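Letters A, B, ... mirror the listed sequences (proteins, then strands); counts begin at 1. All values derive from a computational prediction rather than experimental measurement.
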Amino acid sequence: MSKYDHNKIEKKWQAKWEKSKIWQAPKVAGKKKFYALIEFPYPSGSGLHVGHVRSNTAMDIISHKRRAEGYDVLYPIGWDAFGLPTENYAIKTGIHPAKVTKQNTDTFRKQLKRIGFSFDWSREINTTDPEYYKWTQWIFLQMYKKGLAYKSKMPINWCPVDKIGLANEEVVDGCCERCGSVVEKREKEQWMLAITKYAERLYNDLDGVEYLEKIKTQQRNWIGKSEGAEINFAVTFDNQPKAQDGSLAVFTTRPDTLFGATYLVLAPDHLFVTLSLTHKGLLNNEDAVRAYAKAAKNKPEIERTAEGKEKTGVRLEGIWAINPANKEKIPVYIADYVLAHYGTGAIMAVPAHDQRDNEFAKKFDLPIRQVIEPTYSQTTEPGKIREGEPFDHREAIIAVVKHWSEDKYIGLKWKQVAWGTFITGGIEKGQTPETAAKAELLEEVGYKNARFVKDYGIVHGKFYHVPKKTNRNSHAHMVYLELENDERVSVDTKEEAMHEVMWLTKAELAKFLTADTHQYFLKVLSGNGGIYTDYGTLSNSSTYNRMESAEAMKKIVDEVGGKMITTFKLRDWVFSRQRYWGEPIPMIRCEYCGLKNPETLGWIPVPEKDLPVKLPNVKKYEPTDDGESPLSTMEKWLRVKCPQCKNWARRETDTMPNWAGSSWYFLRYVDPKNKKALADKTLLKKWTPVDWYNGGMEHTTLHLLYSRFWHKFLYDLKLVPTSEPYIKRTSHGLILAEGGAKMSKSKGNALSPDEIIKAVGADTLRVYEMFMGPFGESIAWNTNNMVGVKRFLDRIWRLQDIVQKKEVADVNHALHVCIQKVGGDIEEMKFNTAVSAMMVFVNEVEKKGVGEKQLATFLRILAPFAPHITEEMWSVLGNKKSIHLEKWPKADKKFLAVSEVTIMVSINGKMREQFRAATDTDNETLEKIARTIASDRLKDQNIIRVIVVPNKLVNFVIK
RNA sequence: GCCGGGAUGGUGGAAUGGUAGACACCAGAGACUUAAAAUCUCUUGCACAGUAACAUGGGCGUGUGGGUUCGAGUCCCACUCCCGGCACCA
């Protein structure tokens, strides 16, 4: 057989496939359908990247397998072509962005086709096509009509270089995601989308989809649902004693700590602060407050939130709040660690039980009051709580007793039960924790002279008291004693029978103590107990003392007239961009109508029949100096008759962010040429939802959330059949440059697939990218390793020299193991081990030979990975139809079974001998053989146990 | 600081609690060749004992320290470092 000429053969089949439209999905999906989706690429000027190849190949393989399993498969491709890089390039070169886009998409298309992906090219879409963005605008109008799109003057992130407003999600480390310049705050009229109205559903519906767990977690964290309480604090003013109506609402997730709230903190831009400043004389330190608020406002969020940042703040002098629980008059501060847009923009500070409040209180010397006592429940034996049984309550002590001269402490090793504890005991009538501790010490150990050092407060322990056979809740004072000398009395024999006295160092105690409460005491003693932020048992809280957090929360909120509420971290989506290369927002501002209906502020939606609002063809795209869109200078375009009153009006000149077009593109693939609707409903019902969507982790919070939001909205309009767009979402790892650095244009280390394909072929590139490592993890490119894959494919090509008509029975087992492994691995995206399984098969076949049918079966499972070489070899074997139309082979149980297995013989878990035995040999026989084989080693040994695992091992435990 | 993910030979990596290092790369030795490339065969975790050389033998070894288990890369606890994301989120 001649050498495999990858360039010639790959191009040959690509041309044939294109001509036969082999990958074209049927217009209407049949009963078994599979919609495979990859994130459509942004056609950048630098062309396709090897990273694109990785994710595209993965979904290509899955699509191929589904076709072979009899599914109607839709695997579409298109271009997410609006965006800043193209616009910036156009500004620099003077070439129209539409033209740049055309060039780039042409390059991408050519490159993708040269890799042999099984895309349905007949459905290619482009977000910059007016026929496409007509529907992007149409969806926006529907949102406007439902009150989800609104214009609002508010502080936004402003990039002074790009001259656009950025969504919060687009700000990276306080800098513009695209240009890297520091983002400022600026007031601007912006179109907003009320994604927060969908927060609850976006959060809850994650339960019903098959996203990778880490993706769900990231979405949940971004949405940030938290349940808590809103509580009102009355406010009084020193300088206006008669003003009674002031009050401040705070949001807290820990209303159980209300009695420990010793001051309030407001965001520096809280409305209350602004109003207080307008009332002259209300504050005693107006200037300081004003200065701090101003500084905080101009400070980028990154500095407010920087790691290890020292807490800052200013007191609102002359203003007091009343803690509604204990009526205490407490001071009010402003500090930049509190954000105006989360919760109510105000917090009650509980410095004893919150890390940040604690730091702040220490810096400003504010009272710290403990109101939660640590509480532990034993969840493991011995002492695991018996569910449903009542608790007996006991006032108690835990006593740490230090040695008179050494740094050692008394530990009690219990004899009836595997406990290690400090000295414990109850507090009897008339005893204080101190006297109780001393009495226990004398009684249990006999030491007479101990000095009381400190009572560290109470720790609650819920456990099952094994000797006493009851659930116990012990409320124990942590008492620290130091022995003055070794003077000792003899101890009751009964006590002695209970436990053994040990002298232990702190390190030894950490291993020795079995109860969480005692471990906690040890931590406190070592000074690293920190502040206690968990739920626990209340103290210093009036009638709520001894109540546990969960119960106390509700009761306290009730008592002070607060309400339980749910808040989200998610914020509304800033939808305006002052740029040229985006979808024009289809709104018209009419002064006349505006006067008639102040509620709309004069905004009139463009009538649907007038869509799309096309971008005007102009020569300059630079944003204007005042930050307005370039469209604002195009008088001819923006002057328009008001659709309602027919007077002259102006178009909205802002455009949409590039996330708009990608929020619904997967719907358009289903019916890409539809002129009457975004897609036909029947077709949507047949094809959607997307069965499997693979993309990058970097799109988990922006694109994924936005598109789920739009889809839910369309579902509410009954335009799409399901409330979630994607059944399954997975993610791929990045490909790094050789050496592990991130590939980027600026570093000049980005790899283009073109030269690679020329040198080793598309099949090699595809298989290498699947073989290089776990699909979900980032991995560095390694040209050396690719050579191994090239060799692998060449060896497969040479199998044609050894293939024989007759089946080689000897390789059936290997073949079917391979079928099984490859099929399973594809489903789990474990492509690297799938490739390695095929390598193992080829190694085997080279030794043993292979029959034509067997080779054909192997080629079938390799075909999704390497579609060209397999198609060629398939046709050389005499097949007329494409290999890609063949059914997926099934692993035959008959061939998977093995008659003999290797049994290990191990001694104390260390492998010593091995032998072969028939599959499913019974345990007795295995043990007998093992005893014989290892007889030398077992001679004179005390075998205390033998473990036999069928088909695996025999382990002798000797002493 | 918080949230995710990770750490295994010279390298990429493999391994339902059961022979750690599959499969590759690199390296070394050999075959073929006038020669080289290509290809093929063999060796290849570390250190040691052993042998003329093989054979062989036990020891160590999956970031660190503990634990559970007959048996741990895998499970549990604590920690270190690296990567990604982020919101000081009350």
Side-chain angles (χ1 to χ4, degrees), chain A residues 3 168-169 171-173 212-218 220-222 224 226 228 250-254 257 265 301-302 304-309 311 335-339 341-350 353-357 359-360 380 507 510-511 567-571 696-698 700-701 733-734 736 740 742 768 771-774 776-789 791-792 794-795 798 830 832-840 842-843 846 902-914 944-949 951-958:
Chain A
K3 212 172 158 247
N168 288 308
E169 292 91 331
V171 178
V172 176
D173 293 339
L212 292 183
E213 213 40 56
K214 61 177 172 180
I215 295 173
K216 285 191 186 181
T217 305
Q218 205 161 324
R220 287 197 184 105
N221 286 348
W222 191 265
S226 83
V250 307
F251 175 72
T252 178
T253 55
R254 292 295 302 274
T257 63
V265 187
E301 209 158 295
I302 181 69
R304 289 174 64 166
T305 64
E307 181 178 345
K309 198 206 81 168
K311 295 281 169 292
D336 59 12
Y337 78 93
V338 173
L339 303 174
H341 48 67
Y342 185 75
T344 59
I347 63 160
M348 58 178 220
V350 185
H353 304 291
D354 180 280
Q355 192 63 46
R356 294 177 312 276
D357 297 345
E359 288 167 26
F360 191 88
T380 52
K511 287 178 206 166
T567 59
F568 296 93
K569 282 174 257 175
L570 188 68
R571 299 167 215 167
M697 278 309 280
E698 71 271 25
T700 303
T701 43
L734 293 173
L736 309 171
K742 218 171 181 169
Y768 168 59
F771 182 61
M772 64 196 305
E777 282 165 38
S778 293
I779 191 160
W781 187 266
N782 184 326
T783 303
N784 268 341
N785 287 342
M786 191 169 66
V787 170
V789 171
R791 274 183 209 147
F792 169 58
D794 284 342
R795 280 162 57 202
R798 287 197 302 270
K830 288 163 75 177
N832 54 334
T833 50
V835 173
S836 116
M838 291 189 280
M839 288 173 168
V840 170
V842 171
N843 288 344
E846 282 177 338
T902 301
I903 307 290
M904 306 179 277
V905 182
S906 58
I907 293 170
N908 287 346
K910 293 206 172 186
M911 211 277 283
R912 292 301 184 216
E913 312 281 347
Q914 50 184 264
I944 54 175
R945 207 174 149 189
V946 182
I947 285 143
V948 184
V949 181
N951 296 325
K952 278 264 164 62
L953 63 90
V954 180
N955 185 29
F956 294 99
V957 184
I958 63 178

*Asks:* When the distance from CE of A:Met839 to P of B:rC25 is rounded to whole Å, what number comes out?
*Replies:*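 So the two atoms are 7 Å apart, to the nearest Å.
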
*Asks:* Working note: A:Asn843 + A:Arg795, criterion side-chain hydrogen bond (donor to acceptor under 3.5 Å, both in side chains); need CA distance, chi angles, decisive distance, verdict.
*Replies:* CA-CA 9 Å; A:Asn843 288 344; A:Arg795 280 162 57 202; 2.3 Å; yes

*Asks:* Under 3.5 Å for both donor-acceptor distances, Watson-Crick or wobble: does B:rC23 have a partner, and if so which one?
*Replies:*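 Because both required distances fall under 3.5 Å, B:rC23 counts as paired with B:rG12.
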
*Asks:* If I pick the P atom on B:rC83 and the same atom on B:rA24, what distance separates them, to the nearest angstrom?
*Replies:*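 It comes out at 32 Å once rounded to the nearest Å.
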
*Asks:* From the set B:rU19, B:rC40, B:rC70, return the single nucleotide nearest to any side-chain atom of A:Arg798.
*Replies:*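 The listed nucleotide nearest to A:Arg798's side chain is B:rC40.
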
*Asks:* Separation of A:Asn951 atom CG from B:rU19 atom C1', in whole Å?
*Replies:* 15 Å

*Asks:* In Watson-Crick or G-U wobble terms, both distances under 3.5 Å, what is the partner of B:rA90?
*Replies:*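 The base-pairing partner of B:rA90, which may sit in any strand shown, does not exist here.
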
*Asks:* Is any side-chain nitrogen or oxygen of A:Arg220 closer than 4.0 Å to OP1 or OP2 of B:rG85?
*Replies:* no

*Asks:* The side chain of A:Trp222 is closest to which nucleotide in this list: B:rG18, B:rC86, B:rA90?
*Replies:* B:rC86

*Asks:* Are side-chain heavy atoms of A:Met839 and A:Phe771 found at a separation under 4.5 Å?
*Replies:* yes

*Asks:* Counting only Watson-Crick pairs (N1-N3 plus N6-O4 or O6-N4) and G-U wobbles (N1-O2, O6-N3), all under 3.5 Å, who is the partner of B:rC32?
*Replies:* none

*Asks:* In Watson-Crick or G-U wobble terms, both distances under 3.5 Å, what is the partner of B:rC54?
*Replies:* none

*Asks:* Using whole Å, report how far OH of A:Tyr337 lies from C1' of B:rA90.
*Replies:*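 Value for this atom pair: 8 Å.
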
*Asks:* Compare side-chain N and O positions of A:Asn832 against OP1 and OP2 of B:rA14 and report whether any pair is under 4.0 Å apart.
*Replies:* yes

*Asks:* Is any side-chain heavy atom of A:Phe792 less than 4.5 Å from a side-chain heavy atom of A:Tyr768?
*Replies:*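 Side chain of A:Phe792 against side chain of A:Tyr768, heavy atoms only: no contact under 4.5 Å found.
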
*Asks:* Pick the nucleotide of RNA chain B nearest each of A:Glu913 and A:Met904; which residue has the one closer to the 5' end?
*Replies:*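 Upstream on the strand: A:Met904.
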
*Asks:* I'd like the C1' distance from B:rA7 over to B:rG61, given in whole Å.
*Replies:*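 The answer is 15 Å between these two C1' atoms.
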
*Asks:* Any side-chain to backbone donor/acceptor pair from A:Thr344 onto A:Phe251? Under 3.5 Å, distance only.
*Replies:*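 Yes.
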
*Asks:* Could you give the CZ-to-C1' distance, from A:Phe956 to B:rG18, as a whole number of Å?
*Replies:* 15 Å

*Asks:* Starting at CH2 of A:Trp781 and ending at P of B:rC25, how long is that distance when rounded to a whole Å?
*Replies:* 16 Å

*Asks:* Between P on B:rA38 and CZ on A:Arg791, what's the gap in Å once rounded to a whole number?
*Replies:*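 Going from A:Arg791 (CZ) to B:rA38 (P), I get 8 Å.
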
*Asks:* What integer number of Å spans the P atoms of B:rU56 and B:rC75?
*Replies:* 35 Å

*Asks:* Please determine whether a side-chain nitrogen or oxygen atom of A:Ser226 lies at a distance below 4.0 Å from atom OP1 or OP2 of B:rA90.
*Replies:*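 True: A:Ser226 side-chain N/O within range (under 4.0 Å) of B:rA90 OP1/OP2.
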
*Asks:* Now, which nucleotide makes the Watson-Crick or G-U wobble pair with B:rC79, with each of the two distances under 3.5 Å?
*Replies:* B:rG63

*Asks:* Given B:rG59, is OP1 or OP2 found less than 4.0 Å from the side-chain N or O atoms of A:Arg912?
*Replies:*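 For A:Arg912, the contact criterion (side-chain N or O under 4.0 Å from OP1 or OP2 of B:rG59) is met.
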
*Asks:* Can you find a heavy atom in the side chain of A:Thr257 that is under 4.5 Å from one in the side chain of A:Met348?
*Replies:* yes

*Asks:* Indicate whether OP1 or OP2 belonging to B:rC60 is found under 4.0 Å from a side-chain N or O atom of A:Lys910.
*Replies:*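 For B:rC60, OP1 or OP2 has a side-chain N or O of A:Lys910 closer than 4.0 Å.
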
*Asks:* Is B:rG9 in the syn or the anti form, by the rule that syn lies within 90° of 0?
*Replies:*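 With its glycosidic angle within 90° of zero, B:rG9 counts as syn.
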
*Asks:* Once you apply the 3.5 Å cut-off to both distances, tell me the Watson-Crick or G-U wobble partner of B:rC2, or none.
*Replies:* B:rG85

*Asks:* When you compare B:rG57 with B:rG50, how far apart are their P atoms, in angstrom units rounded to a whole number?
*Replies:*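 Pairwise P distance, B:rG57 against B:rG50, rounds to 16 Å.
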
*Asks:* Could you measure between the two C1' atoms, the one in B:rU43 and the one in B:rC25, and give it in whole Å?
*Replies:*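 Taking atom C1' in both B:rU43 and B:rC25, they lie 16 Å apart.
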
*Asks:* Select one nucleotide: of B:rA90, B:rC88, B:rG4, the one nearest the side-chain heavy atoms of A:Thr252.
*Replies:* B:rA90

*Asks:* Taking only the P atom of each, what is the distance from B:rU74 to B:rG9 in whole angstrom?
*Replies:*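 Rounded to whole Å, the distance is 15 Å.
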
*Asks:* Do the side chain of A:Asn955 and the base of B:rC70 come within less than 3.5 angstrom through a donor-acceptor pair of N or O atoms?
*Replies:* yes

*Asks:* Using 30° and 60° as the class limits, which term best fits the ring planes of A:Tyr337 and A:Phe360: parallel, tilted or perpendicular?
*Replies:* tilted

*Asks:* Does the side chain of A:Asn782 come within less than 4.5 Å of A:Met772's, by heavy atoms?
*Replies:* no

*Asks:* Would you indicate which nucleotide in B:rA22, B:rC40, B:rC3 comes nearest to any side-chain atom of A:Ser836?
*Replies:* B:rA22

*Asks:* If I pick the P atom on B:rG71 and the same atom on B:rG59, what distance separates them, to the nearest angstrom?
*Replies:*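 After rounding to an integer number of Å, I get 15 Å for this pair.
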
*Asks:* How many Å lie between CZ on A:Phe771 and C1' on B:rC23, as a whole number?
*Replies:* 5 Å

*Asks:* Any heavy-atom pair between the side chains of A:Ile347 and A:Asp357 that's under 4.5 Å?
*Replies:* yes

*Asks:* If we take the P atom in both B:rC54 and B:rG45, what is their distance in whole Å?
*Replies:* 16 Å

*Asks:* For B:rA15 and A:Lys830 - does any side-chain N or O of the residue sit under 4.0 Å from the phosphate oxygens OP1/OP2?
*Replies:* yes

*Asks:* Nearest of B:rA14, B:rC70, B:rC26 to any side-chain atom of A:Asn784?
*Replies:* B:rC26

*Asks:* Could you check how far CG of A:Asn785 sits from P of B:rG13, rounded to whole Å?
*Replies:*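 Going from CG in A:Asn785 over to P in B:rG13 covers 9 Å.
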
